Every structure is written in structure tokens, then in C-alpha cells.
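I have placed the structure first, in the form of C-alpha cells, so that the comments after it can refer back to it.
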Number of protein chains: 2
Amino acid sequence: MSPAPGGNGAGGRAKRPTMVDVAREAGVALRTVSRVVNDDPTVGPEYVTKVRAAIAALNFRPDERARQLRTGITGTIGAAVRRIAELNPALAAIEQSARASRLTLLASSTDFDASREHDILVSMCRQRLDGIIVEPFAENHAYLQPEIEAGMPMVAMDRPMSGVAVDCVMSDNASGIGMAFHHLHQHGHRRIAYIGDSERVFSGHERASAFRAALVAHGQSVTGLVHPGDITGERVGASLEAALGGPDPATALVTGNMDSTIAVLRRLGPQAASRLAIVGFDEVPLADLLQPALTVVAQDTAAIGRTAVELLRERIADPSRPVQNVVIPVSLTTRGSGEVPAPAVSAQ
Amino acid sequence: MSPAPGGNGAGGRAKRPTMVDVAREAGVALRTVSRVVNDDPTVGPEYVTKVRAAIAALNFRPDERARQLRTGITGTIGAAVRRIAELNPALAAIEQSARASRLTLLASSTDFDASREHDILVSMCRQRLDGIIVEPFAENHAYLQPEIEAGMPMVAMDRPMSGVAVDCVMSDNASGIGMAFHHLHQHGHRRIAYIGDSERVFSGHERASAFRAALVAHGQSVTGLVHPGDITGERVGASLEAALGGPDPATALVTGNMDSTIAVLRRLGPQAASRLAIVGFDEVPLADLLQPALTVVAQDTAAIGRTAVELLRERIADPSRPVQNVVIPVSLTTRGSGEVPAPAVSAQ
DNA sequence: ATGAAAGCGCTAACAA
DNA sequence: TTGTTAGCGCTTTCAT
């Protein structure tokens with residue numbers, strides 16, 4: 001009711017009250033305030049009342065930083081992903097799981113930049129977060145070995161890390177590519193091309209390799225059909241020409257990730273996809289509104305995020321357990337673009 | 001070279017070395033280690049060498065939490081937005097600006113839930129972040145008054161906050177709606193309907209009001225043309241029927257935000273938009289790949305995010321400066337859907 | 001240029 | 001059940 005004593009006048013930068021102030025105001029010991037704040041049941045009801053009143057009178061808010069320093073745990077896990085603020089269902093799942101475990105999530109964008117990733121991970125380690133989920137980008141992470149040895153729990157998502165042994169969760173890339181290929185093959189296509197991310201990227205390599213394997217398994221030549229590389233308009237355009245031009249053009253296309261799919265659609269122009277069968281790896285926003293609607297191999301992003309948090313919590317609980325490697329199944333979502341039939345064979 | 005002393009054996013949870021350990025290892029005072037860690041130039045070169053060596057030998061990493069407790073600043077700002085992990089260019093801009101100012105960003109999803117928003121904001125206050133950017137959702141934020149009085153810098157984004165006086169940055173909603181209406185009017189449309197978010201939402205209210213004002217300014221009746229409400233398939237479907245059915249159907253549509261636009265497109269089905277002129281408020285992912293490509297009123301999300309960080313930094317620097325209110329202009333991006341001409345008047 | 005010692009605000013042994 | 005006291009790991013006066 002009465003305004004807080006202690007020079008809380010208007011305008012000036014008020015000094016926040018601490019537990020000591022609350023204790024004085026309530027006429028109890030510091031320890032009692034701490035107990036009340038932490039809902040310790042062994043405090044007498046009248047003390048609880050007095051302390052609560054003092055807390056309200058002073059507008060006291062405990063300083064989480066001091067608590068963290070003292071207890072050694074931050075209640076926060078970090079997520080170093082390529083992009084926050086872009087559609088990232090795995091990150092959404094991580095946030096949800098973290099919240100369910102009463103953990104704060106500190107998410108940062110590594111932004112496809114190894115040095116940024118380095119800075120973020122080092123900073124997270126200095127903050128002594130309870131654990132870190134990372135979607136690795138850099139080639140080598142040996143510099144993290146001391147941190148891991150010092151007990152910093154870490155989980156890799158989407159890609160494994162090299163140079164350190166950490167738990168990892170990722171999609172079954174090979175199966176997904178197999179599904180896409182098989183689906184198009186079943187719809188009569190015999191010339192199926194692949195356009196995807198650079199093989200320098202782990203998943204780009206896995207997917208391109210799996211596609212080559214599928215071609216070989218169907219007794220086909222790999223020549224001219226597999227086009228990994230950077231996702232730029234020009235590169236994708238050139239790959240498209242290579243795949244769709246020539247004497248024996250592809251009648252169907254597998255795109256290796258969301259960005260490739262979008263780049264291909266942009267390059268082909270509206271409705272060009274109705275002449276060509278397309279199956280994309282990764283879900284695409286508004287895939288149902290395109291024409292034809294896009295058939296995709298969908299990753300179980302919710303499971304990936306959930307599993308990442310699970311692995312991290314298990315690692316926190318038992319730092320010495322053996323390293324786990326979890327592979328999450330993918331699934332095919334048919335919407336139209338993958339069911340375009342192969343054109344009847346005319347001549348050759 | 002030699003392994004760190006102090007029981008760093010394999011398997012066990014190693015205790016991290018502190019500055020005290022480094023000081024002992026280097027044979028210097030604690031204070032000197034602190035100086036070296038903080039690049040204080042007044043340290044003798046040979047001391048620097050010794051300390052660096054000890055740091056490397058022990059794999060010492062300073063504990064950011066202790067530093068924060070002691071200095072009082074965290075170097076971290078919070079962002080409580082509706083959704084991270086979804087396309088959110090304003091959040092991306094915030095992250096970029098924060099990084100440019102060497103600030104860590106702690107982003108959390110309030111997820112369209114007032115109690116979640118409350119928990120997140122309270123938690124950020126307890127963590128004594130250097131400042132908070134919030135995309136307010138709850139009706140009233142008076143509970144934050146004590147925090148603001150205690151010196152917690154805060155900036156509202158996209159919507160103002162009620163119950164507290166804080167800086168605010170948002171788009172020029174009224175102009176945007178005016179642009180959309182005017183654009184359609186210029187293309188010959190005389191029956192233009194609006195479907196948007198609920199008027200309980202601040203921007204929903206602003207935009208619906210502006211649309212009514214536009215109708216009135218053009219001497220038209222408001223009846224049956226303005227449809228704010230929750231964004232669900234059924235509600236949007238009903239609003240569409242009301243607007244497009246009847247004796248005098250609308251020939252053009254303004255949608256009030258991204259979700260309304262997408263809901264309308266889903267409801268109308270593919271290519272239905274080629275019979276109806278549509279201008280959406282907010283950019284839509286892959287808007288260029290739809291048919292017809294989508295004409296939208298685009299918010300300058302980059303400017304919004306940048307300004308939010310700017311306002312926050314200024315507030316941190318000068319807690320007593322007057323509250324600022326910044327309105328960011330919007331712009332029209334024509335792609336096709338808004339340029340569908342009005343059908344020739346047949347009878348009536 | 002370097003060091004000794006006092007805290008930042010909280011929790012956790014240990015006493016009473 | 002409540003209080004006393006010693007830190008968590010760092011920065012920072014103040015001496016030297």
C-alpha cells in the first residue's frame with residue numbers, strides 16, 4: 001500500500017532491492033526470504049505472510065543471475081541453428097520441448113558462417129548453459145573438445161560433427177531419396193534427374209550419393225542426371241538445362257532440399273511443373289497452393305527437435321553414457337507434382 | 001603441452017578451472033589474470049605470456065555468469081515475439097542489429113498466449129537482461145510497471161502496450177490499407193471487400209477501421225464488405241460467401257494479414273484468384289510463384305526490427321528520455337493479383 | 001605495473 | 001522452524 005521506501009523517486013534510476021532489503025523490511029533473516037522465494041514448505045505461515053508483504057512493498061524480484069552463479073545451473077539450453085526467424089519446424093519443436101522441461105531456450109543464427117558458429121558456441125560455453133543443440137556447419141569442431149571434456153553437454157542435429165564425439169539426430173536421407181526415386185519410377189519415369197545442394201554439405205552429399213545409388217540399382221547410367229552444387233539461380237538453371245535438354249531429356253526431377261525446390265520452380269516458371277514430374281526433399285511453405293501442388297519427402301521435423309532435446313537431457317543427466325546416434329524416418333506426401341505421368345515413348 | 005593437473009581424468013565430470021586456478025598455475029595474482037582475460041594493456045608482456053600459457057594448459061574459460069553478476073550487465077537483450085522459427089523478417093533484423101551491437105539475443109515465442117507472454121517477460125526481468133523487445137499480445141501490461149520503474153528498458157513492436165508507457169515501433173497500417181484500396185479502385189473495382197484479423201487484435205482493428213474509412217471516403221456503403229474475425233477456414237469461408245455472393249458481389253478483395261491471405265487462397269482454390277482481384281496486407285512466402293502472383297502491401301520489416309533495437313539502445317543509454325513512437329511506412333508490391341481488372345458492368 | 005581484499009545477490013551447510 | 005556464515009567466480013577500488 002505504502003510506496004516503497006529507499007529513494008524510489010520518479011525519474012532516477014532506482015536501485016533494485018535485494019533479499020537483504022526484503023529481510024530487513026520483513027524483520028527476518030536472509031535465509032527465510034530465500035526459503036519463501038523458493039516455496040520451501042518448512043517456513044511458518046506468519047513468516048511467509050510477512051515476507052510476501054515485504055516483497056510486494058519493495059517490488060522485489062530475485063536476481064536469476066546470482067542464483068545461477070550459486071547453484072551452477074542456468075536452466076537454459078542453447079540452440080545454434082542456421083536460421084531462427086525462418087520457417088524451422090525443428091526449432092519450433094525444440095522450443096516446445098524445452099518449455100515442457102522448464103528450460104529456457106537461447107537460439108542463435110549461425111547464418112551459414114563457420115566463424116559466426118564458432119563465436120556463438122564459444123559464447124554459449126562461457127555462459128555455462130546447461131547444454132547446447134547445434135546444427136553444425138563448420139567442417140571441424142575439434143576446438144570444442146575441451147568444452148565437452150569439461151562437461152558441456154552437446155547434441156548435433158541434422159548433421160554429425162567431426163572432431164568431437166557428440167550425440168546426433170538426423171533424418172534418414174538415403175531412404176528419402178530412395179522413396180522419391182521409387183515413386184517417380186512407379187509413375188513410369190525412366191529418366192529421372194537430381195538437383196540438390198553442394199556435396200560439401202553433409203546432407204547434400206548423402207542425398208546425391210543415395211540418388212546415384214538409386215540410379216545404379218535400376219541399371220541406369222549416372223551421366224548427366226546428378227547435379228549437386230550451390231543453390232543459385234544460374235547454377236540451378238544450368239543444371240536444369242543439362243538435365244532437360246539434350247537427346248534424352250529427363251522427364252522427372254528430384255530436388256534435394258527446400259531451397260533447390262524453390263529455385264527450380266522459379267527457374268521453370270509458373271505451371272512448367274505440370275509438364276515435368278517433381279518430388280522435392282523437404283516440405284515447402286504453401287506447397288498445397290502451387291500448381292500442381294508439390295509432392296515432397298517430408299522430414300519429421302517435430303521428431304527431430306523433440307529427440308534433440310531428449311538426447312540433451314539424457315546427456316545432462318548422465319554425462320558418461322555412450323554417444324547416441326538417432327536416425328528419424330521420413331515420409332512421402334503426395335500432392336500432384338510427383339504424380340505427373342511420364343510422356344508416352346514416341347520414338348527415341 | 002602437459003595435461004591439465006587437478007584430476008581431469010577420463011569419464012568423470014571434471015571441475016572447471018577458475019581464475020584462481022589460473023593465477024596459481026601462472027604464479028601471479030588473480031587480478032592479473034583478470035586483466036589478461038580482459039585485454040587490459042597495462043600488463044607486462046612476460047606476465048601476459050605466462051597467464052596465456054596457464055589458460056591454455058588448464059583450458060580455462062571465464063564464467064560469463066560471474067562477470068554479469070559483478071558488472072550488473074548481461075550483454076543480452078530479450079525478444080518476446082509471437083513466433084520464432086517461423087518466417088519473421090523483423091526478428092531476423094533484430095538479431096542482426098543486436099549482433100552488430102555485440103548484444104546476445106534471447107528470443108522466445110509467446111505463441112499467441114497471454115500467460116505465456118507473462119511468464120516469458122517476468123523471466124526476462126528476473127534474468128536482468130539489458131532490455132526487452134516485445135510484440136505485445138495481452139490486453140494489459142500494467143504488471144510490468146514496477147519493472148520499468150526499476151529501470152528495465154522495454155520497447156513494443158507492431159502494437160502499443162497498454163498500462164505502461166514504453167517506446168513503440170509499428171507499421172503505418174492505415175496508409176497500407178489506403179494504398180490497397182486505392183490500387184484496386186484505380187483498376188476499376190467499385191465493390192471491394194475486406195477480410196482480416198479480429199478487431200480484438202490491435203492491428204486488426206486499425207486495418208478494419210482504415211478500410212471502413214476508405215469505403216466512406218469513396219462514398220460507398222460499408223454494409224457487407226468489412227469482415228474482421230478469427231482466422232479459421234470456416235469463418236473466412238463464410239466471410240467470402242458473404243462478400244462474393246448476393247446481388248452485388250465484390251469484385252476485389254483486401255486481406256488484412258498474411259494468415260487471412262493464405263486462408264482466402266486456400267478457400268478459393270487454385271487460380272480462383274485470377275477471377276478476383278486480391279491485394280494482401282503483409283508479404284507471403286513464395287508470393288511470386290502463385291498464380292496469379294500476389295500483389296501485397298509489404299511492411300518494412302527490416303526497418304521495424306532495426307528501429308526496435310535502436311529505440312532499445314537509446315532507452316538503455318538514457319532511461320529518462322521521453323517515450324518515442326515510430327511509425328514505419330509500408331509499400332505496395334504489384335505482382336498480378338491486384339491488377340486483375342474489374343469485369344465490365346453488364347446490367348444493374 | 002602488480003597485488004590484496006571486498007563485494008555482486010543469491011543458495012547451502014551447519015548451528016541454534 | 002529459523003538464523004549465521006561461507007562461498008559461487010568474477011570485477012574493482014585501493015594500496016603498493
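Convention: sequence-line order gives letters A, B, ...; per-chain numbering from 1. These figures come from a predicted structure and were not determined experimentally.
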For a quick test of your reading: what N or O donor-acceptor pairs under 3.5 Å do the side chains of residues 79-94 of chain B make, sequence neighbours left out?
unit_1  : atom_1 : unit_2   : atom_2 : d
B:Arg83 : NE     : B:Asp111 : OD1    : 2.6
B:Arg83 : NH1    : B:Glu86  : OE2    : 3.2
B:Arg83 : NH2    : B:Asp111 : OD1    : 2.9
B:Asn88 : OD1    : B:Leu91  : N      : 3.2
B:Asn88 : ND2    : B:Arg83  : O      : 3.1

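- With sequence neighbours left out, the side-chain contact (heavy atoms from CB on, under 4.5 Å) criterion links B:Glu64 to A:Arg126, A:Gln127, B:Arg67, B:Gln68.
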Residues 140-147 of chain A side chain polar contacts: donor-acceptor under 3.5 Å, at least two apart:
unit_1   : atom_1 : unit_2   : atom_2 : d
A:Asn140 : OD1    : A:Ala142 : N      : 2.7
A:His141 : NE2    : A:Glu117 : OE1    : 2.6
A:Gln145 : NE2    : A:Glu149 : OE2    : 3.3
A:Glu147 : OE1    : B:Arg16  : NH1    : 3.4
A:Glu147 : OE1    : B:Arg16  : NH2    : 2.8
A:Glu147 : OE2    : B:Arg61  : NE     : 2.7

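- Residues meeting the salt bridge (Lys or Arg N to Asp or Glu O under 4.0 Å) test with B:Arg24, sequence neighbours left out: B:Asp21.
- With sequence neighbours excluded, no residue forms a salt bridge (Lys or Arg N to Asp or Glu O under 4.0 Å) with B:Glu139.
- With DNA chain C read from its 5' end, the first of the two nearest nucleotides for A:Thr18 and B:Gly44 is the one closest to B:Gly44.
- Within 4.0 Å of B:Val20, counting heavy atoms only, lies no atom of the nucleic acid at all.
- From the 5' end on, the contacts that DNA chain C makes with chain A at under 4.0 Å to a non-hydrogen atom open and close at C:dG9 to C:dA13.
- Two end axes, each from the C1' atoms of five base pairs, can be drawn for the helix from C:dA1-D:dT16 to C:dA16-D:dT1; they diverge by 40°, to 10 degrees.
- Sorted by first and then second residue, the pairs that involve residues 150-164 of chain A and meet salt bridge (charged side-chain N to carboxylate O under 4.0 Å, His left out), not counting sequence neighbours, are A:Glu135-A:Arg159.
- Between A:Thr32 and the phosphate of D:dG3, there is a side-chain N or O to OP1/OP2 separation shorter than 4.0 Å.
- Every residue two or more places apart in sequence or in another chain was checked for a ring pair (Phe, Tyr, Trp, His ring centres under 6.0 Å) with A:Phe112, and none qualifies.
- Taking for each of B:Leu69 and B:Ala29 the nucleotide of DNA chain C with the nearest heavy atom, the 5'-most of the two is the partner of B:Ala29.
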For residues 48-55 of chain B, please give each side-chain donor-acceptor pair under 3.5 Å, one per line with the distance, not counting sequence neighbours.
unit_1  : atom_1 : unit_2  : atom_2 : d
B:Thr49 : OG1    : B:Pro45 : O      : 2.8

- Task: Sugar-phosphate means primed atoms, P, OP1 and OP2; the rest is base. With that split, encode nucleotides 11-16 of chain D 5' to 3' as B, S or - using protein heavy atoms under 4.0 Å.
- Result: BBB---

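- With sequence neighbours excluded, no residue forms a side-chain hydrogen bond (donor to acceptor under 3.5 Å, both in side chains) with B:Thr32.
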- Task: Could you walk me through whether B:Arg313 and B:Ser101 pass the side-chain hydrogen bond (donor to acceptor under 3.5 Å, both in side chains) test, one step at a time?
- Result: CA-CA 9 Å; B:Arg313 294 187 60 201; B:Ser101 308; 3.0 Å; yes

